Amino acid sequence: MQVTETKNEGLAREFKVVVPAAQIEEKVVAKLDEIKDQVRLPGFRPGKIPAKLLRQRYGQTVMGEVLETAVNENTGKVLNDNDLRPAVQPKIEVTSFEEGKDLEFEIVIEIIPAIEPMDFKKLTLTREVVELDDEKVNETLDRIAKAQGTTEPLARKRKSKKDDVVVIDFLGKIGGEAFDGGKAEDYELELGSNSFIEGFEDQLTGVNAGDELVVKVKFPEEYGSAELAGKDAEFDVTVKEIKEKKPAALDDELAKKLGQESFDSLKDAIRKDYGREYESVARQKMKRQLLDALAENHSFELPTSLVDNELEGIIGQIKQAREAGQEDDETKGKSEEELAAEFREIAERRVLLGLLLAEVGRKNDIQVTQEDVNKVLVAEAQKYPGQEQQVIEFYKNNPQALQALQGPVYEDKVVDYIVELAKVEEKTVSVEDLLKPEEEDEAPKKSAAKKAPAKKAADKEAPAKKAAAKKPAAKKKADKSEEK
């Protein structure tokens, strides 16, 4: 094999490779000899087919396999001999080949740059710590009590108010004509639940049992039924009864209903849920600090192909959101060229952090173990109650999906490694300060354009305000009951 480097500029490398015809012929002959005992032709015993006839029948197929193998093997040898790590799959182009002549092909690659991580012991990070008090626990207990409570007829006559349940008959009309789905009897409607069209529940607040009234509303423009969307409607409503909600007693019986042994164990579970939630939010905020510091303290040439791929992914996500009607206001109306100009800095930071963390992991032999994989699989499966086994089987049968699931695990292990080396100072904060939304980094910060925004490969954590919006397990049970 003859190799000539034809380009060496920045991270771009190009090579011209010539594989001698004799080497190709040798491999073709060896491959034909390998298959001769497997081939069956009428009139010939296995292994006794003349070489000339064998070549006539199978020469082209074998030649294709040999050429593909020769290109792959020699490309790998060029990369290994030159100690090159490609950023993306090398581009290969066969420039010349005829049977009996040399094979010539070109390799075009972009390599991963040399990366020298900083001394992580020089980093100073802040971990926010919340001192838990009983206020949040009591708030959750109150929500649970309301969610698990009952509705009872009013002890004394009064007008309806928010959180009451009114039992009503209603008939909806548009232009004086009743419409399908607009009629019900003995319907129990909780005032303030926002389960009916906007304005409907408001007009039933402050009424007495036995009242008959006409509720006037307008269906939203985006209402699911095209026949009703944007139309003015009137509902003839009869208020048959008013009930008030009675919270459940906060006792051992309620705790057992929620899967706890006692009321004290229920309070402990809620407290632990909050502790885990706050610890998770604090970790995400510290991780954001770390990634910002890493971006500020490292600078190296970035492979254009990786940045372009990342930018393409960002714009693709914006297009999907646009098609689904969920696009952010910041990007609405912008052309693809405008989006590319605005989000290239984000793509650059993502690539920089991704390459840096990958290099730290490689140099320090950080691995995702089978135990790590099992944990993340179980956690993912638990998101789909009743379908856990199907979810696990899906990932086991789809290596790419499983690899995508492992990516954040590997990233977090590298981050943990760096945090162990850095100086971490603890700072006690209030719950409000911990959960205070941070400025989103998805739009470029003009004052720190090349340092700030980014997520995905190395900055994939949820923003603090999104993490704070999640509810601990004990609270979720209560909220689900409320929704019912």
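It should be emphasised that the depicted structure is a prediction, and the values quoted were computed from it without experimental measurement.
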Could you check whether any side-chain N or O of [X] sits under 3.5 Å from a backbone N or O of [Y], counting only pairs where one atom can act as donor and the other as acceptor?
X	Y	answer
Asn398	Gln400	no
Thr75	Ile92	no
Asp236	Leu171	no
Thr69	Glu65	yes
Lys122	Met118	no
Ser193	Leu189	no
Asp328	Glu330	no
Asp211	Asn208	yes
Thr238	Glu212	no
Glu201	Ser195	yes

So does [X] pair up with [Y], basic N to acidic O under 4.0 Å?
X	Y	result
Arg283	Asp412	yes
Arg362	Glu359	yes
Glu348	Arg350	no
Glu380	Lys383	yes
Glu185	Lys240	no
Asp164	Lys245	no
Arg271	Asp134	yes
Lys413	Asp372	yes
Asp232	Lys173	no
Glu411	Lys287	yes
Glu152	Lys243	no
Lys334	Glu342	yes
Asp433	Lys436	yes

Can you list the residues that meet the salt bridge (charged side-chain N to carboxylate O under 4.0 Å, His left out) rule with [X], with sequence neighbours excluded?
X	value
Glu244	Arg158, Lys246
Lys162	none
Glu116	Lys363

Mind running salt bridge (Lys or Arg N to Asp or Glu O under 4.0 Å) on Glu128 and Lys285 for me, showing each step along the way? CA-CA 8 Å; Glu128 295 182 347; Lys285 293 179 74 172; 2.9 Å; yes

Test side chain to side chain donor-acceptor pair (under 3.5 Å) applied to Glu371 and Thr369, step by step: CA-CA 5 Å; Glu371 183 181 358; Thr369 66; 4.9 Å; no

Looking at [atom1] of [X] and [atom2] of [Y], how far apart are the two atoms once the value is rounded to the nearest 0.5 Å?
X	Y	atom1	atom2	result
Phe219	Ile174	CZ	CD1	5.5 Å
Lys332	Ile318	NZ	CD1	13.0 Å
Leu402	Asn397	CG	CG	10.5 Å
Glu426	Arg127	CD	CZ	5.5 Å
Glu261	Asp268	CD	CG	11.0 Å
Ile270	Arg143	CD1	CZ	9.0 Å

Return the minimal non-hydrogen interatomic distance between [X] and [Y], and the atom names on each side.
X	Y	answer
Leu294	Ile418	CD1-CD1, 4.1 Å
Ala145	Leu250	CB-CD2, 3.9 Å
Gly199	Val217	C-CG1, 4.1 Å
Val166	Ser160	CG1-CB, 4.1 Å
Ala87	Ile112	CA-CG1, 3.9 Å
Ala255	Leu266	CB-CB, 4.0 Å

Residue set satisfying side chain to side chain contact (heavy atoms under 4.5 Å, CB included) with Asp365, at least two apart, ordered chain then number -> Gln367

Lys216: side chain to side chain contact (heavy atoms under 4.5 Å, CB included) partners, not counting sequence neighbours: Val214, Glu234

If the plane angle is over 60° it's perpendicular, under 30° parallel, otherwise tilted; pick one for Phe120 and His298. tilted

Residue pair Val237, Asp169: steps toward the side-chain contact (heavy atoms from CB on, under 4.5 Å) verdict: CA-CA 6 Å; Val237 179; Asp169 294 345; over 6 Å; no

Over 12 foreign heavy atoms within 6.0 Å of [atom1], [X]:
X	atom1	value
Asp83	CG	no
Glu338	CD	yes
Glu139	CD	yes
Glu393	CD	yes
Asp180	CG	no
Glu198	CD	no

Carefully, step by step, assess Leu258 and Gln148 under the rule side-chain contact (heavy atoms from CB on, under 4.5 Å). CA-CA 10 Å; Leu258 295 172; Gln148 297 294 327; 3.8 Å; yes

List for me each residue that meets ring-ring contact (aromatic ring centres under 6.0 Å, His included) alongside Phe196, sequence neighbours excluded, and say none if there are none. Phe170, Tyr187, Phe200

For salt bridge (Lys or Arg N to Asp or Glu O under 4.0 Å), just list the numbers for Arg344 and Asp308, CA-CA rounded to whole Å, side-chain angles, deciding distance to a tenth of an Å, and then say yes or no. CA-CA 8 Å; Arg344 177 164 289 276; Asp308 289 344; 3.2 Å; yes

Have Thr331 and Glu327 got a donor and an acceptor in their side chains that come within less than 3.5 Å? yes

Indicate whether any N or O donor in one side chain lies under 3.5 Å from an N or O acceptor in the other, for Ser305 and Glu110. yes

